[in-house]
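Contents: one structure, followed by commentary.
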Amino acid sequence: MSNDGFNFETIDKKWQEKWENEKLYQVDGESGKPKYYVLDMFPYPSAAGLHVGHPEGYTANDILARFKMMNGYEVLHPMGWDAFGLPTENYALKMKIHPEIATAENILNFRRQIKRFGFSYDWSREVNTTDPEYYKWTQWIFVKLFENGLAYEKQALINWCPSCKTGLANEEVVDGKCDRCGAKIERKNLKQWMLRITSYAERLINDLDLVDWPEDVKTMQKNWIGKSTGALVNFHVKNTQEDLEIFTTRPDTIFGVTYMVMSPEHPFLDKVLSGQKKKELNKYRELIQSKSDLERTELNKDKTGISTGLFCINPLTNEDIPIFVADYVMMGYGTGAIMAVPAHDQRDFDFAKKYNISIVPVIEPFDGIVPTEEAFDAVGTMINSGEFNGIKSDDAKEKIISFIEEQKLGKKSIQYKLRDWIFSRQRFWGEPIPIVHCEKCGAVAIPVEELPLKLPDVEFYETSGTGESPLAKMPEWVNTTCPKCGSKAKRETNTMPQWAGSSWYYIRYTDPKCTTGIASKEAINYWLPVDTYIGGREHTNLHLLYVRFWHKFLQDIGVVDCPEPFARLRNQGMVIAEDGRKMSKSLGNVVNPDEVLDKYGADVIRLYEMFMGPFNQESVWNTKGIEGVNRFLYKVWDLFDPKLLIKCCDDETNRLVHKTVKKVTHDIEEFSFNTAISAMMIFVNHLHKLKMKPKNALKILLCLLAPFAPHISEELWENFGETSSIFKSKWPEFNSELCKDTEIVVPIQINGKMRDKVIVSAEIKESELKERVLAREKVKVFIGEKKIVKWIIIPLRLVNLVVK
RNA sequence: GCCGGAGUGGCGAAACUGGUAGACGCACAGGACUUAAAAUCCUGCGGUAGCAAUACUGUAACGGUUCGACUCCGUUCUCCGGCACCA
C-alpha cells in the first residue's frame, strides 16, 4: 500500500466510540425537524450468528438513515430481537440449557457482530420480545383481541409438525412441509386458539393501494387472501327437509350441473346418511385420513370419490342430480360442497369421465367448436340454458345471480382463501396465552394489572409431543383461581407463535420504556407509520400479513391512527454463496462477516454488500470482488494529501461534482446503491488524475461517501479540520444547469446505423450542426449518390440521416 | 396448471420517457517501477475478418412496429419466486 495512515481497526473503533459517547443517533422526537422512521426487520438471534445476508438490508437502511439525517430529518432507526421461537428452544433442549440463557447468549453475539458495522442505531430503544416487560404488551394485545371476539377457541383439524411437536399456521406450511424443519405435516385434531384475521380480509386487500410496496409482494398477498366473487345457491336434497348450500363463481353454468360433490368432512353427511352408505363413508374417510396433505395433493390426477345415493334438485332445471363425496372438495373453503359442471370445469370433467357421469355443455365457444376431450372454461355463448340462451356467458353471470336472488334460491357472495390464524403452539419458549379456564366462567382473560403472565421458573422441561404444551405438566403453575369469580381454574398452557412479538415491535420502538401502554399516544402519532421498511421477500405471507392485521385491529381500538404500518417497503435479494448455492451450515459455504471485518473493516464490507448488484436482486458473494471496493477506499484515502490541495475547481471537475451529487442523491432515494457507488468511483478516478486536488470537491466527495463508508469519511473529515460529525453537516446540493457539458459528442447515424461522431458546442444551432455533419468526410462517403430524405435531430443526443 | 419476475462479454453488472450497447468493478493480457515478487501506476479487453483505418455481426430464439429497439408488440424457449383440486 502506498500509504501508511489508513488503519481501519483504529478508525472503526475510534468513531464507533465517539458516536456512542456523543449519542449521535439517539432521538427524542423533540428536535422540531421532520421525522423519518427507518426500520429493518429485526433478526431472530440464532446460535449460528450473523451471516453476510443479514447486513445487506441493514446497510441499505443505514445509508438511507444517514442520508435523511444529512437532509435535515430527525431519524428513528432502531434495532432489536425477535427472540422467542422454536430454533432456540430446540437448541436449548439439545444443549441442555435453559432457552432464556441460550437467548441471552445469542443476542450478545448478534449485538456484538452488528455493532461492528457501525450502523446508526439508537441502541437506547433496543427491544427484546422475550423480555417480560415487552411481552406483557403482547399479551395485552391478545386480551384485547379476545375481548373483541377476534381470538376464539376451536376444536379443529390443524397442521401438526411431528418433528417440532407443535401445531402450525397455514402460512407456516410450505409444500406440505414444515417451514422450519422440513418435516411432513400431519393432521391433528386439537383445541386451538384462533385469531379472526379473515374478518379483515377485505381491508387487507384494499389498503394495499395505500402503500408503496413492491408490486410482486402486493400481488402475493392478494393471491394469498384469494378473494372470489360468486353466489351461494341452495339445492334441495330429495326426500329430506334439507337444502345443500354450495358456493360457485360460475352461476352462468348452473344449467350444466350434472352432479354435486361434498367434502368427506362435511357434517351434513352425518345427518343424512345411515346404514350401508354410512359405513362406506367412514371407510372413505379413513382412507383420506391416512394420507398426509402432501399425498392428498399428489392424487391430483386421479380423483377418488363415492356415491351417497342421494339426489339434489337443480333449482333452474328441476332435474335430479346425484350427490357424491370426493376429497377434491375441501371443507375449509366456501361451504364444503360444490355443484359440478364437467363441461366447463376441468376437475369436474376428470371426475365425470372416471365415474361415467353425463357432461352437458351450456356455453358454446364463439368459434362454435365444442371441445370433447377437455372442459371449456372461457367466455362463450349460452346454450341449453332456457331463457338465458344466446347471451354472452359473462353477462349471464349477473343475470342468473339476480334471478336466483329473486327466487330466494341463493344470493351473491364473496369468499376468501385466507383462513383464520391458528395461534396456539404446544411449546415452552413463547408468550403464555393470558387466559384462565374457569370451571364456571369458561375462558377468562387475565386482568391487565396482573400482566405479564410470566413463564414458570423451571430448570428443565421437555416437549411432550402429545399435543399438550410442556407447561401442562407444571401443576403449580397451571392450577389457579378464576380472576372473575375466584373458583378453581386452570391456566391455558399453550404459548403464542413466534409471529406474535414481531407483529407490533415497530410500535414499541417509538416508546420502548412506556409502562402505561404499548407506547404513548404522542410517540405513536409522531413516529408512525414507518417510512421505509426493509426485509426479505420470504416474510410476505407471514409476518407482513400478520402485522397488517394487528395494526388494523389496533387502529380499530384507537391505539394507532394510521391505516397501514409501513408506508414504503423494499426487499433485499438473497446473498448466494460463491459456489452458486444457498449459504448453509451443512454445505460449509457460509461466509462469516467477522472474518471479512477482521480483514477489511466495516466500510469495505458495507460498500461491497451494496456494490454486488441491484439491491432487490439475488447476488453472489465473490471474495475477489471485495478487493475492488477495498482499492477504491484506498484510492479515496490517497486523494487527501495536504501537500496537493488547491482551493479552486476547474470547470470539468466542477461539472462532474454536480453530476455526481445529482446521481448519488437520486440513487440513494431509489435504492440503486450499486450505481451510486459506481458514480463515486468515476468521480474518484477523475480526481485521481488531477495533479492538485480541489478542496471543495474533496469535501463534497466525503459527504456523498459518508452514508456508505461512515468511518473513513469521518476520519478524513476530521483531518480536514472539521470539529463536528460529518453527519451533522448538510447534504451537498447540485445545480442541474452546472451538470451540463459545454462541448458534446454527437453521434451521426445514417439510416439508423452508427457511422461517425462530431464534437460540437452544446449550444450549436440546428443549421450549423447540419453543416458540420455534412462536412464530415465519412458522411460524404456514406451518402454517396443518394439523396437525403429526412433529418432526425435529437438535441444533444444524436443526428440520424435517412438517405435513399 | 395459474400468477409474478428475469434472460446483456470469461464474471457481477450499466444504459434517463425508444436515441453512441457493455459505464463501474472483477478476472485476464501487455507494459512501467523492482535484484525479484507483492502492492501501485499506464494500456488493452463482446465476436468474426484485417498490419491497420475499418467493415460486418452482437442484448435467450424467431417475427413485427420505427429513421432508429436491450427498451414497444406478438410467438417460442429457459431459469427463479409464489400459489396450487379454492369450486
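Within every chain, numbering begins at 1; the chains are lettered A, B, ... in the order of the sequence lines, protein sequences first and strands thereafter.
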*Which of these nucleotides, B:rC83, B:rC56, B:rC67, is closest to any side-chain atom of A:K417?*
B:rC83

*Measure from the side chain of A:N622, starting at C-beta and using heavy atoms only, and say which of B:rC26, B:rA55, B:rU20 lies closest.*
B:rC26

*Pick the P atom in B:rA39 and in B:rC26, then give their distance to the nearest Å.*
12 Å

_B:rC70 versus B:rU59 - spacing of their C1' atoms, nearest Å_ = 5 Å

*Between B:rG22 and B:rG46, how far apart are the C1' atoms? Round to whole Å, please.*
8 Å

*For B:rC2, give its Watson-Crick or G-U wobble partner with both distances under 3.5 Å, or none.*
B:rG82

_Using OP1 and OP2 only, check whether a side-chain N or O of A:Q617 sits under 4.0 Å from B:rA13._
yes

*Ignoring the backbone of A:K624, work out which of B:rC41, B:rA27, B:rA13 is nearest its side chain.*
B:rA27

*Looking only at N and O atoms, is any donor in the side chain of A:R631 or the base of B:rC26 less than 3.5 Å from an acceptor on the other one?*
no

*Starting from C1' on B:rA14, measure out to CZ on A:F673 and report it in whole angstrom.*
17 Å

*Please give, in whole Å, the distance from B:rA87 P to A:I254 CD1?*
16 Å

*Nearest-Å distance once atom P is located in both B:rA13 and B:rU8*: 9 Å

*Decide yes or no, distance alone: a donor-acceptor N/O pair under 3.5 angstrom between the base of B:rC85 and the side-chain of A:K303.*
yes

_Using the side-chain heavy atoms of A:N800, tell me which of these nucleotides is nearest: B:rA21, B:rG25, B:rC67._
B:rC67

*Name the nucleic acid region contacted by A:F351, choosing base, sugar-phosphate or nothing; use a 4.0 angstrom heavy-atom cut-off, strictly under.*
nothing

*With a non-hydrogen cut-off below 4.0 angstrom, is A:F611 in contact with a base, only sugar-phosphate, or nothing?*
base

*Which residue lies toward the 5' end of RNA chain B, A:D216 or A:G625, if each is placed at its nearest nucleotide?*
A:D216

_Taking only the P atom of each, what is the distance from B:rG5 to B:rC85 in whole angstrom?_
24 Å

*d(CD, A:E627; P, B:rC24) in whole Å*: 20 Å

*asked:* So if I take every side-chain heavy atom of A:T219 and compare against B:rC3, B:rC67, B:rA23, which nucleotide ends up nearest?
replied: B:rC3

*asked:* Going by purine N1 to pyrimidine N3 plus the second Watson-Crick contact, or the G-U wobble pair, all under 3.5 Å, which nucleotide sits opposite B:rU66?
replied: none

*Do other residues, nucleotides or ligands put more than 12 heavy atoms under 6.0 Å from the NZ atom of A:K786?*
no

*Choose from B:rA87, B:rA14, B:rC24 the nucleotide whose nearest atom is closest to any side-chain atom of A:P614.*
B:rA14

*If you look at every strand shown and take non-hydrogen atoms under 4.0 Å, does A:W224 touch a base, only sugar-phosphate, or nothing?*
sugar-phosphate

*asked:* Between A:K177 and A:D175, does any side-chain N to carboxylate O distance fall below 4.0 Å?
replied: no

*Could you check which of B:rG19, B:rA13, B:rA87 has an atom nearest any side-chain atom of A:S228?*
B:rA87

*asked:* Can you measure A:W621 atom CH2 to B:rG12 atom C1' for me and round it to whole angstrom units?
replied: 13 Å

_Under 3.5 Å for both donor-acceptor distances, Watson-Crick or wobble: does B:rU17 have a partner, and if so which one?_
none

*Who does B:rA87 pair with, Watson-Crick or G-U, both distances under 3.5 Å?*
none

*Sugar-phosphate only, base, or nothing, as touched by A:N685 at under 4.0 Å among non-hydrogen atoms*: sugar-phosphate

_Ring centre gap for A:F673 and A:F611 strictly below 6.0 Å_ = no

*asked:* Strictly below 4.0 Å, N to O, side chains only: are A:E737 and A:K740 in salt-bridge contact?
replied: yes

*Check every atom of B:rA87, B:rC67, B:rA13 against the side chain of A:K790 and return the nucleotide holding the closest atom.*
B:rC67

_Between B:rA69 and B:rG74, how many Å separate the two C1' atoms, rounded to a whole number?_
15 Å

*Any idea which of B:rC24, B:rG19, B:rA55 is nearest the A:R797 side chain?*
B:rG19

*State the pairing partner of B:rC77; accept Watson-Crick or G-U wobble contacts with both distances under 3.5 Å, and report none otherwise.*
B:rG7

*A:E265 CD to A:M330 CE distance, which is reported to the nearest 0.5 Å*: 8.0 Å

*Who does B:rG12 pair with, Watson-Crick or G-U, both distances under 3.5 Å?*
B:rC24

_Per A:K635 side chain, nearest of listed nucleotides B:rC26, B:rC41, B:rC24_ = B:rC41

*Do A:K693 and A:D638 meet the salt-bridge criterion of a basic N to acidic O distance under 4.0 Å?*
no

*asked:* From CG of A:D756 over to C1' of B:rU20, roughly how many Å is that when rounded to an integer?
replied: 12 Å

*If pairing requires Watson-Crick or G-U wobble contacts with both distances under 3.5 Å, which nucleotide is the partner of B:rU40?*
B:rA32

*asked:* So that I know where these two stand, are A:Y259 and A:Y355 an aromatic pair - ring centroids less than 6.0 Å apart?
replied: no

_With a 4.0 Å cut-off on N to O distance, would you call A:K624 and A:E627 a salt bridge?_
no

*With a cut-off of under 6.0 Å to the ring centre and 45° to the axis, is A:R548 in cation-pi contact with A:W499?*
no

*asked:* Using heavy-atom distances to pick each residue's nearest nucleotide on RNA chain B, tell me which of A:N751 and A:R419 is more 5'.
replied: A:N751

*Between B:rA87 atom P and A:Y416 atom OH, what is the distance in whole Å?*
13 Å

_Heavy atoms only, 4.0 Å cut-off, all strands: where does A:K753 land among base, sugar-phosphate and nothing?_
sugar-phosphate

*Separation between the P atoms of B:rA15 and B:rU20, rounded to whole Å*: 13 Å

_B:rA55 - base-pair partner by Watson-Crick or wobble geometry, distances under 3.5 Å_ = B:rU48

*What does A:L798 touch in the nucleic acid at a heavy-atom separation under 4.0 angstrom: a base, only the sugar-phosphate, or nothing?*
base

*Inter-nucleotide C1' distance (B:rA60, B:rC77), Å rounded*: 8 Å

